[in-house]
Amino acid sequence: MFNHDTAPVASQYSESFLKRLAGPSTGKAGLAKDQTEINRIIAEASKGSKFYDNEKKKDNEVTERIGRILKQRDDALKGVDIKCVEQSADRLIAELEGHRDLSQTIVHVDMDAFYASVKLLDNPDLEGKPFAVGHGVLSTASYEARKYGVRSGMAGFVAKKLCPELILVDHHFSRYTEMSTAVMSVFRRYDPNLLAAGCDEAYLNITAHCESHGLTAAECVQDMRKAVFHETKLTASAGIAPTKMLAKISSDKNKPNGQFELPFNKESIVSFLYNLSIRKIPGIGRVNERLLESVGVKTCGDIFIHRATIYLMDKQFGSQFLFRTYLGITSNVVEPWGRGERKSIGFERTFSSLSDTKKILNKLEEISVELEKEMEETGWAGRTVTLKFKLDTYQVFTRAKSFDRWITKKEDLFATGKELIQSEFPLSIRLIGLRVTKLKDLRSPTEPANGIKRFFEPLQSGRPHKKAKLDHGETDVDTIDHVHDDYEDAMPDFHENDEDERLSDQADFEELIEEQSDTVRTHAVKPRAPVSAPAPFRPSLTNVDALQSSTSLTPGPSGSRAIKPRSFSDATGPLKPKPGRTPNASIETQNCPVCGKALRTDNQGLNSHIDFCLSRGAIREAHGEAGNSVKGTMSGFRPISKGKAKLRK
DNA sequence: GGGTATCTGACTA
DNA sequence: TTCCATAGTCAGATACCC
């Protein structure tokens, strides 16, 4: 399959870099055995591109980060009685063990190579052939293609190097939506309250169904998979376990077209996880895998072996998250996502590199139009607009601006994006996007966190509100009364009796929103921050809420859209939120060779800043401009002296 | 000076 | 020659308000 004659010495690539280039899906089912050789071919194919250079740079930054972590570890362990620390860790682990709940039967069902399988239904000629869906970047690959190392997220031309006979086929989003609807409707017979985690996967709590039908979990899941195949001719794999995380890992066990049930007892769970690579844990990606490996944690079992280090480096690693992972104690709450949980809505597009200001602004305008359309169709407004752009070097930057009014219109989106990007010119970019956050749900006027009420809720501590705060146990009705009270205070001419009539019409409602935000300004009563759940535990390592977003498997712009990720650890206990990154040590600075600014060397963004300045300089040169000063700075490497370091007012 | 909001980059799926 | 799109969370620095 490979041409070994032309193979360069493997040592010219570090193992970590080869893995990085190979992308995030290398552990997926159906891959060929010789991953090392595949990684080498991928590196050879990518070599020399800007993408490759950027990946190399990011890999080096992680290596530097590891250096800092190891130093912190050595400092933390200096003069410490390890046995004593281990005892403290053991006590914490024992406490966590007390939260184990084996009462619920959770299933994770995952369609096998969904896009590819749907394609196969419509094009039986592809049967037995290596093919992949997508062109620039692949969304999925048939199992035949996977044998060559072709996987989702891979560039088409790289995939062709791995498998020259690979057939690339187009997306067919309407068919995915159709089949997804059919599959989900089968799943709903087993749990009407399921959590769809993408168009091709879902979490179900089948406890009640099994009880009422006198079925074992395995029988129930077998039955469900049969029904799916019978009605759609698509196969699914499933995992049965006491928590979502364990079910997710289990569903991968007998893929494709199989199922796996994890025994519901502590010993089996811990032993199942013991030799499992930490990379299999949702939320631990390429970077965190390397960071953990650097302190000896490669498997979940290693978490226990190195518990003293983890306990001492809680800030860096999030000890509770890791100990819970080791124990397999994570969330078993299965419920669908509500609209109110949405946090942002955005649109972005990649194109071949653009430097012409006018053309870039045209792209921005197109994005604004699309985003306005999407916000209108889905009923959202927002207060913060974030511009995102990717340089032709693949470095990504964001710039944001907040308002004290609700943004919905293309004119506002475009004007804000334009304002944000203009101070960055000249630029040579390959992606531009806009995202709106601090959302308000225009379809839910009575919904607490996002509806009209949020304007009048008592402010959080430190922000006294003229009205008293809620008493513990106060009902929603009571709260709404406060709303009315506040509203009356703010707008004396507005009477309760008129409310239903006014809210019955969407246009009127939006008008009300406008009035309302004016009122808020006039009275200096600030909208309060989104109501957060009572201190759910989250790992400090990374965002474990973003566990399996379906984005790469999600039908296009306005189809059945983004099914959101869900936390695996959101309801298992009121454990402390974790902090996160390397704290600042003594601050050293270095001047950027391009703009001359004093930059903190303790920050990983230093090199990015220099690269950014260099690239700006190069573009200026191309534009025949003089000077090399950079107007602003970027987060993470702000100048440490004098005054405001903020980029713009 | 303390608490909160905002901005940015990083990471994840 | 060529390497996506969308959404979420977090940390850390800074800005701002009381």
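Throughout, protein chains are lettered first and strands after them, A, B, ... in sequence-line order, and every chain is numbered starting at 1. We use all heavy atoms of the structure for the numbers below, so side chains are in, but hydrogens, waters and symmetry mates are not.
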Using the side-chain heavy atoms of A/Phe157, tell me which of these nucleotides is nearest: B/dC7, C/dG8, C/dC3. C/dC3
If I take atom CD in residue A/Glu424 and atom P in nucleotide B/dC7, what distance separates them, rounded to the nearest angstrom? 14 Å
OP1 or OP2 of C/dC3 less than 4.0 angstrom from a side-chain nitrogen or oxygen of A/Tyr394, does that happen here? yes
Looking at A/Lys388, I'd like to know whether one of its side-chain N or O atoms comes within less than 4.0 Å of OP1 or OP2 on B/dG9. no
A/Glu348 side-chain proximity, nearest of C/dA5, C/dA7, B/dT6: C/dA5
Could you please spell out the steps behind the side chain to side chain donor-acceptor pair (under 3.5 Å) verdict for A/Thr386 and A/Thr398? CA-CA 7 Å; A/Thr386 302; A/Thr398 58; over 6 Å; no
Is there a side-chain polar atom (N or O) of A/Arg286 under 4.0 Å from OP1 or OP2 of B/dC11? no
Considering only side-chain heavy atoms of A/Arg399, which listed nucleotide, C/dC4, B/dT8, C/dA7, is closest? B/dT8
In whole Å, I'd like the distance from the CZ atom of A/Arg68 to the C1' atom of B/dA10. 12 Å
Which nucleotide in the set C/dA5, B/dG9, B/dT6 lies at the smallest distance from any side-chain heavy atom of A/Lys438? B/dT6
Give a yes/no answer on whether the side chain of A/Ser402 brings an N or O atom under 4.0 Å of OP1 or OP2 in B/dC7. yes
A/Leu168 CG to C/dC3 P, in whole Å, measures 15 Å
Report yes if a side-chain nitrogen or oxygen of A/Thr398 is closer than 4.0 Å to either non-bridging phosphate oxygen (OP1 or OP2) of B/dT8; otherwise report no. no
For A/Leu138, which contact category applies under a 4.0 Å heavy-atom criterion: base, sugar-phosphate, or nothing? nothing
CA sep, side-chain torsions, deciding dist, call: A/Ile284, A/Phe321, side chain to side chain contact (heavy atoms under 4.5 Å, CB included): CA-CA 11 Å; A/Ile284 296 181; A/Phe321 164 66; 4.1 Å; yes
Report the relative orientation of the aromatic rings in A/Phe173 and A/Tyr176; use parallel for angles under 30°, tilted for 30 to 60°, perpendicular for over 60°. perpendicular
C/dC3, B/dC7, C/dA7: which one has an atom nearest the side-chain heavy atoms of A/Arg342? C/dA7
For the side chain of A/Lys244 and the backbone of A/Val333, is there at least one donor-acceptor N/O pair under 3.5 Å apart? yes
Against the side chain of A/Phe347, the closest entry in B/dA13, C/dT6, B/dA10 is C/dT6
Roughly how many Å is it from CZ in A/Phe317 to P in C/dC10, rounded to a whole number? 19 Å
Are A/Ser49 and C/dT2 close enough that a side-chain N or O sits under 4.0 Å from OP1 or OP2? no
I'd like to know if the side chain of A/Arg290 and the backbone of A/Ile66 have a donor-acceptor N/O pair within less than 3.5 Å. no
Which one, B/dA10, B/dT8, C/dC4, comes nearest to the side chain of A/Ala400? B/dT8
So do the side chains of A/Leu292 and A/Leu322 get within less than 4.5 Å of each other, counting heavy atoms only? yes
For A/Arg290, which contact category applies under a 4.0 Å heavy-atom criterion: base, sugar-phosphate, or nothing? nothing
Between A/Lys390 and C/dC4, is there a contact of a side-chain N or O with OP1 or OP2 at under 4.0 Å? yes
Under the side chain to side chain donor-acceptor pair (under 3.5 Å) criterion, do A/Tyr394 and A/Glu55 qualify, and how do the steps go? CA-CA 9 Å; A/Tyr394 290 88; A/Glu55 290 297 299; over 6 Å; no
Which angle, rounded to 10°, do you find between the first-five-pair axis and the last-five-pair axis of the helix from B/dG1-C/dC18 to B/dA13-C/dT6? 10°
Under-4.0 Å side-chain N/O to phosphate OP1/OP2 contact, A/Asn288 with B/dC11: no
Using a 4.5 Å cut-off on heavy atoms from C-beta on, say whether the side chain of A/Arg286 contacts that of A/Arg279. yes
To the nearest Å, give me how far apart CZ (A/Arg349) and P (C/dC3) are. 16 Å
Once you round it to whole Å, what is the distance between P of B/dA5 and CZ of A/Phe403? 19 Å
Choose from C/dT6, C/dG8, C/dC3 the nucleotide whose nearest atom is closest to any side-chain atom of A/Ala155. C/dC3
Calculate the interatomic distance between A/Glu44 atom CD and C/dC3 atom C1'; express it in whole Å. 17 Å
What's the NZ-C1' distance between A/Lys58 and B/dA10, to the nearest Å? 9 Å
Can you tell me which nucleotide in C/dA7, C/dC4, B/dG9 comes closest to the side chain of A/Arg430? C/dC4
Nucleotide of C/dT6, B/dT12, C/dC3 approaching A/Val287 most closely (side-chain heavy atoms): B/dT12
Option among A/Arg430, A/Lys388, A/Lys363, A/Lys390 that satisfies the salt bridge (charged side-chain N to carboxylate O under 4.0 Å, His left out) test with A/Glu348: A/Lys388
